[in-house]
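A quick write-up on the structure given underneath.
For the numbers below, each heavy atom of this structure counts, side chains included, while hydrogens, waters and symmetry mates do not.
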Amino acid sequence: MMRKVVLITGASSGIGLALCGRLLAEDDDLHLCLACRNLSKAGAVRDALLASHPSAEVSIVQMDVSNLQSVVRGAEEVKRRFQRLDYLYLNAGIMPNPQLNLKAFFCGIFSRNVIHMFSTAEGLLTQNDKITADGFQEVFETNLFGHFILIRELEPLLCHSDNPSQLIWTSSRNAKKSNFSLEDIQHAKGQEPYSSSKYATDLLNVALNRNFNQKGLYSSVTCPGVVMTNLTYGILPPFVWTLLLPVIWLLRFFAHAFTVTPYNGAEALMDVDEDTAEKFYKTLLELEKQVRITIQKSDHHS
């Protein structure tokens with residue numbers, strides 16, 4: 001019997017790394033393929049996983065989802081190695097330079113909305129987004145569009161109606177409808193690109209199911225909750241989180257969002273309109289056409 005093949009983006013730290021451990025704890029007869037930017041870091045992760053699960057197979061493919069040529073090259077490598085993918089975990093993501101709104105934070109702590117504030121971070125965080133080499137907003141490209149191109153590239157390995165495949169997105173409770181606009185899908189004019197990208201993820205998830213279920217591809221989103229990873233340590237220094245930890249553990253009794261550890265966050269919310277999801281999907285397809293023309297021209301010149 002062939003091993004099931006699982007591809008995970010952003011597998012070398014945080015939720016992605018914890019997910020690798022959980023998957024192999026459930027079934028060490030898997031083939032895990034780690035899609036990572038940093039090959040040396042990914043190599044250390046592979047060695048550690050094989051040391052604890054020697055009967056598993058773990059391979060690495062270099063892929064940076066904030067660089068579309070890297071995505072296409074990585075996808076080509078995956079297609080050379082495998083005939084099919086059983087699971088594709090779309091986990092890589094960034095929240096660049098998150099800034100905490102201290103006024104909103106302290107007002108929220110002493111209000112009746114404290115649980116909602118902590119579990120969604122609504123109104124608390126703003127980020128300084130930047131433009132990638134591809135000309136896109138970095139958060140949009142990394143958290144969503146790079147993954148969309150990856151799915152499109154891997155369709156031949158994913159769409160088998162006789163043996164369905166699954167996409168699993170790492171979304172967020174911070175995904176807010178109010179932070180997303182079809183007129184500005186990259187959130188270039190706003191201050192909460194992370195929230196916008198995660199709401200866009202929820203929209204795309206719905207659209208993918210509408211367009212691909214009949215082809216044997218099923219998509220779902222998970223919310224890790226409030227988890228201590230490099231991403232959250234970018235918001236507040238580790239010692240502040242240490243001070244807040246007793247409060248967070250207390251709040252766990254009232255809100256399921258406080259999973260705290262990456263292990264819990266890897267365990268398997270939406271306010272999404274299907275019409276908006278379909279319009280967004282068509283916008284991404286148009287964007288993809290433009291990108292492919294650019295990539296072809298670049299390949300031709302090189």
(Q) Please give me the minimum heavy-atom distance between His147 and Asn91, naming the atom from each residue. (A) NE2-N, 4.0 Å
Q: Would you indicate whether the side-chain heavy atoms of Phe212 and Ser219 approach each other to under 4.5 Å?
A: no
Q) Honestly curious: do Leu167 and Tyr218 fall in one hydrophobic cluster under the side-chain, below-4.5 Å linking rule? A) no
Q. Which pair of non-hydrogen atoms, one from Phe140 and one from Ile185, has the smallest distance, and what is that distance?
A. CD1-O, 3.6 Å
Q) So which heavy atom on Asp129 is nearest to which on Val139, and how close? A) OD1-N, 3.2 Å
Q) What about the rings of His31 and Phe82, do their centers lie closer together than 6.0 Å? A) yes
Q: Show your working on side-chain hydrogen bond (donor to acceptor under 3.5 Å, both in side chains) between Glu138 and Thr132 and close with a plain yes or no.
A: CA-CA 5 Å; Glu138 186 183 32; Thr132 66; over 6 Å; no
(Q) Phe280 vs Phe180, test: ring pair (Phe, Tyr, Trp, His ring centres under 6.0 Å). Steps then yes/no. (A) CA-CA 11 Å; Phe280 178 57; Phe180 178 83; 5.3 Å; yes
Q. Would you call Glu77 and Arg73 a salt bridge, using N to O less than 4.0 angstrom?
A. no
Q: Output, in order, the C-alpha distance, side-chain angles, deciding distance and verdict of side-chain hydrogen bond (donor to acceptor under 3.5 Å, both in side chains) for Ser196 and Asn179.
A: CA-CA 5 Å; Ser196 176; Asn179 288 327; over 6 Å; no
Q: Apply the test side-chain hydrogen bond (donor to acceptor under 3.5 Å, both in side chains) to residues Asn67 and Ser70: give CA-CA distance (whole Å), side-chain angles for both, the deciding distance (0.1 Å), then the verdict.
A: CA-CA 5 Å; Asn67 180 312; Ser70 171; 5.1 Å; no
Q) Less than 4.0 Å between a side-chain N and a carboxylate O, is that true for Lys198 and Asp202? A) no
Q.
What I want to find out is whether Lys189 reaches Asp184 closely enough, with some N-O distance under 4.0 Å, to be called a salt bridge.
A. no
(Q) In this structure, would Ile131 and Tyr194 fall into the same cluster of hydrophobic residues linked by side-chain contacts under 4.5 Å? (A) no
Q.
Check this for me, if you would: do Glu26 and Arg22 make a salt bridge, where the nitrogen-to-carboxylate-oxygen distance has to be below 4.0 angstrom?
A. no
Q: Inspect the contact between Arg3 and Glu57 and indicate whether a charged nitrogen and a carboxylate oxygen are less than 4.0 angstrom apart.
A: yes
Q. Of Val6, Leu19, Leu32, Asp29, which meets side chain to side chain contact (heavy atoms under 4.5 Å, CB included) against Leu24?
A. Leu32
